[in-house]
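What follows is a single structure, written as structure tokens, with notes after it.
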Amino acid sequence: MRSFAHRQRLQQRGLAREEFLGRPVIAIINTWSDLSPCHAHLRERAEAVRRGILQAGGFAFELPALSLGEVMVKPTTMLYRNLLAMETEELLRSHPVDGAVLMGGCDKTTPGLLMGAVSMDIPVIYCPAGPMLNDRYKGKTVGAGTHTKKFFDEYVAGNIEQREWIQLESKMTRSPGTCNTMGTASTMTAMAEAMGFTLPGATSIPAMDANHVRMASACGRRIVDMVWEDLKPSSFFTRDSINNALATYMALGGSTNAAIHTIAMAGRAGIPLSLDDMNAVADKIPVIANLFPSGDKLMEDFFYAGGLPALLNEIRPHLALHARTVTGKSLGENIADAKNLDEDVIRPLSHPVSAGRALAVLRGNLCPDGAIIKPSAASPKFMKHRGRALVFDSNAEMLAKIHAPDLDVDENTVLVLRNAGPVGAPGMPEWGNLPIPKKLLQRGIRDMVRISDARMSGTHYGSCIVHAAPEAAIGGPLALLRDGDWIVLDVAARILNVELSEAELAARRAQWTAPPRFTERGFTRMYVEHVTQADKGCDFDFLMGTAKTPEPPIY
């Protein structure tokens, strides 16, 4: 009776029974929306995917999913990553589909889609949105995110007039597609490719390149074969594929956000992964992708240089080349013919972009469960530092005070933002790249040590320590800091401490009261009640692991 109803309702749409009967049914999970500029082209790309599915003998149905445009969603897309993961899992569970093409690319869509797909465990392939095109301004190549921050500092300092600032609004983002720096979007799509979820080279193709249309169609053809092969995430998403992704993360100089997302994705497959595991990989692999913010090139240049397959070939000694992928072949087979076409963009291991690594995990009495810094995008002089704390209890307070002429701050001060973590914000927004005070910008200062329990945009740079865990809002040590406390940072020793005795910290803890939470209803209430801390991936505690949702009785 149920299958009769399915066939009947499809024919209600005007479809003939012969069009779909006996064919694999493929869902196209599309995160397109009018308010997601990074995904503005995915409506058209879905048609290319559909064409490929039909060519291979499948039948396609497009299912819209939550679209998380990074800049447009308030207070942060991170608040809704788990919602997209839940929606993806439930879309695939509740509809009569055999496999799916996942369409995304903007920061949280990649981990959200893949977390849901891993939990559901039916054949899936990821079709990445691709990076936007480069732009030029005054003879220099400019891109999204990193240059926005750089230009804004000059605007605040008075070095850019308002007329020029308004002109810059129309620059840097000249086409659909994700940020063209090595921000979170390109970090996560590249890691998805290294994990085996995409076709070889898919993540490097610019969104507006004709190759991108062909790649989308190829995804459609391949998913049909994957259904017949029963090639599910559990067939290839293993510890080896995660290690391949981590090696890729470090070589790219990827976004600090990847530390959270990768732990969450691994957790959905029941694979233990810690910050210390990531730190160990970072010990071995230098940054070799000459891309902003660690370098000076953009993703379009990376594509012309050979893209991710070329970079993977440069780090072959650090990869599990036998790891299986959605192609049905191994990662080693997928990249066997890839060539590095520009060694200024993709460096050999012997000639890294930066002396600094992509990730360093810090611990100490300010972050017993860990905090992270991206040394490759930070100032070397701050890798060992001692300075007085200037503490802000909220992002609103920080924004109201940071540019005050009488702010008690100098270049050695350590700016601290707290109550900006998963529970405190809520959602752990990208507030960790605290602005440099105007009075210092005017003196030529462009970096300071900054600490928070928030995140930082992957496009940003500077000596920023983020993801301090546990967060202040649940009683983490940042909650105990006061203005003037001396903070000691030693990246080489992996230490972040405040110079206070255990007795003083205990006395302050006894006086501490939790800040109020303004989360009385809806998804946000569920989020703050069930989200884990940054070192555990910020997933929901009831979604971690491999336990399956039992199917309801058939009627």
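Judged purely by atom type and a 3.5 angstrom limit, E300 has no side-chain atom pairing as donor or acceptor with the backbone of P206. The main-chain N or O of A129 is never found under 3.5 Å from a side-chain atom of H39 such that the two would form a donor-acceptor pair. Of the possible donor and acceptor atoms, none in the side chain of D453 sits under 3.5 Å from a partner among the backbone N and O of R418. Not a single donor-acceptor pair under 3.5 Å links the side chain of S186 to the backbone N or O of G183. A donor-acceptor pair under 3.5 Å links the side-chain atoms of D107 to the main chain of A185, judged by distance alone. Of the possible donor and acceptor atoms, one in the side chain of D277 sits under 3.5 Å from a partner among the backbone N and O of S274. Listed for the H385 side chain is a donor-acceptor partner under 3.5 Å among the backbone atoms of N412. Between the side chain of E411 and the backbone N or O of I445, no donor-acceptor pair lies under 3.5 Å. In this structure, the side chain of N82 engages the main chain of C538 through a donor-acceptor pair within 3.5 Å. Checking side-chain atoms of Y126 against main-chain N and O of G105 turns up a donor-acceptor pair under 3.5 Å.
Looking at C38 and E70, their side chains never come closer than 4.5 Å, going by heavy atoms from C-beta outward. Looking at L68 and L66, their side chains come closer than 4.5 Å, going by heavy atoms from C-beta outward. Looking at heavy atoms from C-beta onward, F382 lies out of side-chain contact with I373 at the 4.5 angstrom threshold. Looking at heavy atoms from C-beta onward, V326 lies out of side-chain contact with T198 at the 4.5 angstrom threshold. Between T459 and K149, every side-chain heavy-atom pair lies at or beyond the 4.5 Å cut-off. The shortest distance between side-chain heavy atoms of T189 and L308 does not fall below 4.5 Å. Within the 4.5 Å cutoff, the side chain of L415 has heavy atoms near those of the P437 side chain. Using a 4.5 Å heavy-atom cutoff, the side chains of V124 and P233 are in contact.
Here the straight-line distance linking atom CD of E169 with atom CD of Q167 works out to 10.5 Å at 0.5 Å rounding. A distance of 10.0 Å separates CG in L291 from NZ in K297, rounded to the nearest 0.5 Å. If you take CG on L441 and NE2 on H403, they are separated by 7.0 Å, rounding to the nearest 0.5 Å. Atom CG in L319 sits 11.0 Å away from atom OG in S330 (nearest 0.5 Å).
Residues forming a side-chain hydrogen bond (donor to acceptor under 3.5 Å, both in side chains) with H212 (at least two apart in sequence, or on another chain): R45. Scanning for side-chain hydrogen bond (donor to acceptor under 3.5 Å, both in side chains) contacts around N243 gives R239, with sequence neighbours left out. In this structure, R136 has no salt bridge (Lys or Arg N to Asp or Glu O under 4.0 Å) partners at least two apart in sequence or on a different chain. When the side chain to side chain contact (heavy atoms under 4.5 Å, CB included) test is applied to D342, the partners found at least two apart in sequence or on another chain are A305, D344, V345. When the side-chain hydrogen bond (donor to acceptor under 3.5 Å, both in side chains) test is applied to Y461, no partner is found at least two apart in sequence or on another chain.
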Could you list the donor-acceptor pairs under 3.5 angstrom formed by side chains in residues 254-264, with sequence neighbours left out?
from	atom 1	to	atom 2	distance (Å)
S255	OG	T184	OG1	2.8
S255	OG	N257	N	3.0
S255	OG	N257	ND2	3.3
N257	OD1	R455	NH1	2.7
N257	ND2	T184	OG1	2.8
N257	ND2	E430	OE2	3.2
N257	ND2	M456	O	3.1
H261	ND1	R81	NH1	3.0
T262	OG1	A258	O	2.6

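No option in L42, T31, L114 other than T31 meets the side chain to side chain contact (heavy atoms under 4.5 Å, CB included) test with T109. Screening L84, V101, L113 for a side chain to side chain contact (heavy atoms under 4.5 Å, CB included) involving I29 leaves a single residue, L113. Put simply, the residue from L298, D135, V142 that forms a side chain to side chain contact (heavy atoms under 4.5 Å, CB included) with N180 is L298. Here the rule is salt bridge (charged side-chain N to carboxylate O under 4.0 Å, His left out) with R363, and of D535, D490, D276 only D276 fits it.
No side-chain N or O of S241 forms a donor-acceptor pair with one of N244 less than 3.5 Å apart. Side chains of N290 and D296: a donor-acceptor N/O pair is present below 3.5 angstrom, by distance only. Looking at S294 and S376, their side chains do bring a donor and an acceptor atom within 3.5 Å of each other. In this model, a donor atom of one side chain and an acceptor atom of the other lie less than 3.5 Å apart for N340 and E314. For D447 and S463, the side-chain atoms include at least one donor-acceptor pair closer than 3.5 Å.
Taking each heavy atom of I346 and G307 in turn, the nearest pair found is CD1-O, 3.7 Å. In terms of heavy-atom proximity, A358 sits nearest to K374 at O-CG, 3.3 Å. T203 and M299 make their closest contact through O-CE, 4.5 Å (heavy atoms, listed as atom of the first residue, atom of the second, distance). The heavy-atom pair separating S36 from G69 by the smallest distance is OG-CA, 3.7 Å. Considering every non-hydrogen atom in both T327 and P200, the closest pair reads CG2-CD, 3.6 Å. R450 and G432 make their closest contact through CB-O, 4.3 Å (heavy atoms, listed as atom of the first residue, atom of the second, distance).
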Go through the steps to decide whether N134 and D301 satisfy the test side-chain contact (heavy atoms from CB on, under 4.5 Å), and finish with yes or no. CA-CA 9 Å; N134 293 355; D301 306 305; 3.5 Å; yes

Evaluate L366 against L481 for side-chain contact (heavy atoms from CB on, under 4.5 Å), listing each step before the verdict. CA-CA 9 Å; L366 278 181; L481 274 181; 3.9 Å; yes

Where do L359 and L275 land on the side-chain contact (heavy atoms from CB on, under 4.5 Å) test, with the steps shown first? CA-CA 10 Å; L359 176 79; L275 291 176; 5.8 Å; no

Would R316 and L321 count as a side-chain contact (heavy atoms from CB on, under 4.5 Å) if you check the C-alpha gap in whole Å, the side-chain angles of each, and the deciding distance to 0.1 Å? CA-CA 7 Å; R316 287 180 73 93; L321 295 170; 3.5 Å; yes

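Aromatic rings from F197 and F236 are positioned such that their centres are separated by under 6.0 Å.
D283 and R357 are joined by a salt bridge, as a carboxylate oxygen and a charged side-chain nitrogen come within less than 4.0 angstrom of each other. Between R446 and E154 a salt bridge is recorded (basic side-chain N to carboxylate O distance below 4.0 Å). Looking at R268 and D539, a side-chain N of the basic residue comes within less than 4.0 Å of a carboxylate O on the acidic one, giving a salt bridge. Remark: K138 engages E164 in a salt bridge, criterion side-chain N to carboxylate O under 4.0 Å.
Between Y137 and F151, the ring planes are perpendicular. Angles over 60° get that label, and only those under 30° would be called parallel.
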